**Q** 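Following this message is one structure expressed as structure tokens.
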Amino acid sequence: MQSPVNAEQILNEKFGYSAFRNQQAEIIETLAAGGDVLALMPTGGGKSLCYQIPALLRAGTGIVISPLIALMQDQVDALNQLDIRAAFLNSTLDPSQQQQIEQQLLLNELDLLYLAPERLLTEHTLTLLQRVKPALFAIDEAHCVSQWGHDFRKEYQQLSILHQRFPQVPRIALTATADRRTRQEIAEQLELQRARTFVNSFDRPNIRYTIDAGQNSRDRFWHFLQQEHPEDAGIVYCLSRRKVEEISEWLNRNGRSALPYHAGLPAETRSRHQQRFLREDGLIIVATIAFGMGIDKPDVRFVAHLNLPKSVEAYYQETGRAGRDGQPADAWMNYGLQDVITLRQFIHATDADEQYKRIAHHKLEAMLGLCELTSCRRQALLAYFGESLSQPCGNCDNCLSPPQTWDATEATRKALSCVYRTNQRFGVSYLIDVLTGKADERIHRNQHHRLSTFGIGKELHPSQWRTLFRQLVSLGHLDTDLEGHGALRLTQKCRSLLRGEATLHLRLQPRREKKRKTETSRTQLSSSQKPLYEALRQLRLQISKQQSVPPYVIFHDSTLLEMVEQRPLDLQQMRFITGVGERKLALYGQLFLDLIGQHKPLERTDPVLQSGS
Ligand code: ADP
Ligand code: ZN
């Protein structure tokens with residue numbers, strides 16, 4: 001085979017993919033021709049190819065700057081599988097290994113070299129790079145330059161040095177962060193103002209969004225998990241370390257394999273858990289937000305939030321870790337009033353200045369708005385990032401089973417006046433006791449059984465009142481005290497409701513999620529296809545263990561699924577399967593073909609003949 005000469009050929013022969021996605025082709029073309037690029041693409045959009053292919057097209061080594069040292073090994077392994085000469089330089093290597101890689105670089109034996117920013121910025125590395133001629137610089141996770149973001153890295157701000165010292169070498173900055181302000185900061189800090197900017201749609205059509213506010217969060221989560229993802233890998237986010245530990249234990253007790261991950265665990269444990277998550281099948285990681293940046297695992301089938309994220313940005317970023325391989329995936333969330341109270345207190349308790357707090361409150365309100373929405377979640381989510389989707393998506397909870405609403409005006413007035421009559425000093429449970437006329441000792445002591453609002457709310461069940469209070473807080477008609485007692489207070493916004501000048505329609509809480517109408521690809525497999533799929537997964541696992549790489553480095557789930565559906569008979573047919581390039585065909589093609597050959601599809605034979613023979 002001749003060495004590939006153009007981008008399509010590389011895509012096809014090396015990577016085994018048939019067509020470019022989104023704006024990959026234009027980005028590659030620009031970079032290959034020596035131009036600078038700023039690329040904004042959602043997670044799973046296919047950013048890596050945008051610099052990997054130009055690095056192969058141009059003379060010299062492509063230098064990739066990434067803050068994620070822990071992931072470099074896997075990235076390099078994956079490239080080596082494709083016969084692409086890649087290496088990394090970071091603190092995990094010993095001096096002789098480092099020297100060897102530097103030697104390879106000098107001899108022009110590398111297509112791609114991954115570096116952490118602090119390594120790149122040493123004079124030693126910069127001088128080294130000046131002796132070779134880099135093909136390009138790729139600055140991954142470029143939003144790390146932003147001081148406002150949560151992934152800020154001070155070294156990233158010094159990366160403009162690349163432009164100064166290597167003015168001829170094209171640069172590409174990549175990020176999955178969508179907002180305009182970060183984009184501007186990247187361009188300024190990295191001196192990329194003149195770069196061609198590519199903004200892809202941030203829609204992730206394969207992710208199904210569900211936001212559930214029902215009580216008994218654990219039950220509901222368990223129901224979701226067993227119904228939709230009985231054996232899948234996923235990430236569960238919780239707000240506190242304690243809850244992370246609890247949920248992880250609870251999952252294990254119930255027969256699911258789960259591992260905790262939070263900042264309170266020793267670094268060594270965290271890294272072990274992360275490695276296991278990447279390498280094993282069907283593991284669940286339960287984590288605080290400390291987990292996840294740059295998690296490259298393509299087959300995370302669900303991301304579940306058991307607490308409310310603090311902003312839409314955080315929600316989008318965290319849910320974005322599901323379904324990078326483009327297969328159906330779930331973003332499932334359950335939250336309650338306590339989350340709102342806790343997050344508000346967090347914001348209040350920080351030492352940050354007033355402006356910061358105001359922004360943080362706004363962000364939380366936007367998140368709550370998304371939660372209480374009765375229309376398409378995806379439309380709202382994309383609109384938040386300045387993108388418009390003309391039709392409802394058909395793949396979120398609100399589209400799939402449109403929520404019922406009810407006229408909550410009267411009930412709201414009762415709830416608000418109860419808050420007022422009890423002097424805005426009590427939390428939800430107490431208020432509900434007053435409304436439903438529960439005459440306990442505390443109520444008597446406070447003389448609240450004499451109030452006009454005592455027992456005026458018997459028509460609703462306490463859990464319905466709870467939902468209503470949560471919605472009123474979410475919508476800003478009630479506020480929680482900031483001292484942390486959970487007492488509810490009236491806001492400016494609720495006045496028109498109290499005075500009877502406004503009406504309020506709220507979503508009714510569905511009792512239980514309905515079973516999904518379309519199923520994930522794995523469960524779509526017919527029962528006759530499943531044994532083959534499982535056998536292919538076993539083979540993949542075996543190979544990946546031999547090479548100590550994660551299974552998806554050998555083949556993605558989607559590739560295995562395609563094998564099950566297509567049943568290739570020979571190497572030529574195997575080559576048409578997405579994700580099977582020349583190299584993987586040579587290495588694994590026959591092994592997988594043999595296995596497929598052993599699993600004959602069930603013929604539709606006459607059952608009588610079959611049992612009679
Ligand atoms: P990102 O870094 O943008 O999150 P990746 O570069 O990891 O995304 O790509 C996500 C997945 O999609 C990877 O498994 C990658 O191999 C695959 N992919 C990328 N481009 C294509 C393409 N043109 N056709 C098929 N699969 C692709
Ligand atoms: Zn929708």
Side-chain angles (χ1 to χ4, degrees), residues 7-8 10-12 14-28 39-53 64 66 68 71 74-75 78-79 81-82 84 112 138-143 172-178 198 200-211 278 292-300 317 320-327 329 331 370 373-383 389-403 517 550-560 562 577-581 584:
E8 281 87 332
I10 297 179
L11 178 76
N12 190 259
K14 289 265 183 203
F15 292 89
Y17 298 143
S18 53
F20 283 114
R21 274 187 195 161
N22 307 319
Q23 295 161 310
Q24 280 176 331
E26 287 107 302
I27 295 175
I28 290 169
L40 292 92
M41 265 190 211
T43 311
K47 284 187 279 300
S48 334
L49 286 190
C50 295
Y51 55 82
Q52 287 166 350
I53 292 183
V64 187
S66 162
L68 307 165
L71 297 173
D74 287 348
Q75 282 163 332
L79 288 165
Q81 285 286 327
L82 305 172
I84 294 171
L112 283 154
I139 304 167
D140 207 1
E141 314 287 351
H143 59 277
I172 175 170
L174 309 109
T175 179
T177 302
F198 294 87
N200 273 262
S201 166
F202 274 77
D203 189 14
R204 302 286 309 280
N206 60 313
I207 298 183
R208 172 171 297 178
Y209 298 99
T210 303
I211 300 180
L278 295 178
M293 182 188 169
I295 283 300
D296 259 344
K297 190 175 167 65
D299 53 359
V300 174
Q317 197 179 46
R321 291 170 187 142
R324 290 170 71 121
D325 55 7
Q327 297 290 313
L370 182 68
L373 200 70
T374 52
S375 55
C376 176
R377 307 251 193 224
R378 192 181 313 270
Q379 280 182 317
L381 198 54
L382 289 173
L389 184 69
S390 59
Q391 297 291 321
C393 75
N395 194 28
C396 72
D397 53 351
N398 287 351
C399 282
L400 290 165
S401 41
K517 289 171 186 123
Y552 56 79
V553 165
I554 307 299
F555 284 130
H556 282 183
D557 284 357
S558 49
T559 300
L560 299 188
E562 209 174 307
I577 304 287
T578 308
V580 184
K584 286 188 177 172

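Quick caveat, the model's predicted, so the values are computed rather than measured. As the structure lists them, so they are numbered: ligands from 1, and atoms in each ligand from 1. The figures that follow rest on heavy atoms only: side chains count, while hydrogens, waters and symmetry mates do not.
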**Q** Using a 4.0 Å heavy-atom cut-off, say whether Gln24 meets ligand 1 through its side chain, its backbone, both or neither.
**A**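 It is the side chain that touches ligand 1; the backbone stays farther off.
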**Q** Please tell me if the side chains of Asp203 and Pro42 come closer than 4.5 Å, counting only heavy atoms from C-beta onward.
**A** no
**Q** Using a 4.0 Å heavy-atom cut-off, which part of Pro298 comes near ligand 1: side chain, backbone, both, or neither?
**A** neither
**Q** Measure Tyr17 to ligand 1 on non-hydrogen atoms and call it side chain, backbone, both or neither using the 4.0 Å cut-off.
**A**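 It is the side chain that touches ligand 1; the backbone stays farther off.
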**Q** To check your reading of the site, what angle at the Zn ion (ligand 2) do SG of Cys399 and SG of Cys376 form, to 10°?
**A**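 Roughly 100°, rounded to 10°.
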**Q** If every non-hydrogen atom of Cys376 is compared with every non-hydrogen atom of Cys393, which pair is closest and at what distance?
**A**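 Answer, listing the atom of Cys376 first, then Cys393: SG-N, 3.3 Å.
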**Q** Go through ligand 1 atom by atom and flag the ones less than 4.0 Å from a non-hydrogen atom of Phe20.
**A** 23 (N)
**Q** Measuring from Ile28:CD1 to Glu8:CD, what's the distance to the nearest 0.5 Å?
**A** 8.5 Å
**Q** Is there side-chain contact between Tyr209 and Asn398, with at least one heavy-atom pair below 4.5 Å?
**A** no
**Q** So, is Ser48 polar-close to ligand 1, with some N/O to N/O distance under 3.5 Å?
**A** yes
**Q** Supply the atom-to-atom distance Gln75 CD to Gln52 CD, rounded to the nearest 0.5 angstrom.
**A** 8.0 Å
**Q** Just to be sure I'm reading this right: ignoring hydrogens, which of Gly44, Pro42, Ala19 gets closest to atom 22 (C) of ligand 1? Compare them by their nearest heavy atoms.
**A**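 Heavy atom nearest to atom 22 (C) of ligand 1 belongs to Ala19.
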**Q** Calculate, to the nearest 0.5 Å, the distance between atoms CG and OG1 belonging to Leu400 and Thr210 respectively.
**A**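 So the gap between those two atoms works out to 7.5 Å.
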**Q** Tell me the protein heavy atom at minimum distance from atom 11 (C) of ligand 1, and give that distance in Å.
**A** Arg324 O, 3.9 Å
**Q** Can you measure from SG (Cys399) to CD (Gln379) and round to the nearest 0.5 angstrom?
**A** 7.0 Å
**Q** Just how far is it from atom CD1 of Ile84 to atom CZ of Phe15, taken to the nearest 0.5 Å?
**A**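 The CD1 atom of Ile84 sits 4.0 Å away from the CZ atom of Phe15.
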**Q** I want to know if ligand 1 touches Gly46 in the polar sense, i.e. an N/O pair below 3.5 angstrom.
**A**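 Yes; at least one N/O pair falls below 3.5 Å.
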**Q** Could you work out, for atom 18 (N) of ligand 1, the closest of Lys47, Gln75, Arg21 by heavy-atom distance?
**A**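 Ranked by closest heavy atom to atom 18 (N) of ligand 1, first place is Arg21.
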**Q** Charged N to carboxylate O below 4.0 Å: is that the case for Lys47 and Asp140?
**A**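 No.
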**Q** Measure the OG-CG distance between Ser558 and Asp325 for me, rounded to the nearest 0.5 Å.
**A**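 Answer for the OG-CG pair, Ser558 versus Asp325, is 5.0 Å.
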**Q** Under a heavy-atom criterion of less than 4.0 Å, does Asp325 contact ligand 1?
**A** no
**Q** Which of the atoms of ligand 1 are close to Thr43, meaning less than 4.0 Å from one of its heavy atoms?
**A** 4 (O)
**Q** Atom 14 (O) of ligand 1: which protein heavy atom is closest, and how many Å away?
**A** His556 CE1, 2.6 Å
**Q** Can you find an N or O of Thr578 that's nearer than 3.5 Å to an N or O of ligand 1?
**A** no
**Q** Using a 4.0 Å heavy-atom threshold (strictly under), name the region of Ser18 that reaches ligand 1: side chain, backbone, both or neither.
**A**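 For Ser18, no heavy atom sits under 4.0 Å from ligand 1.
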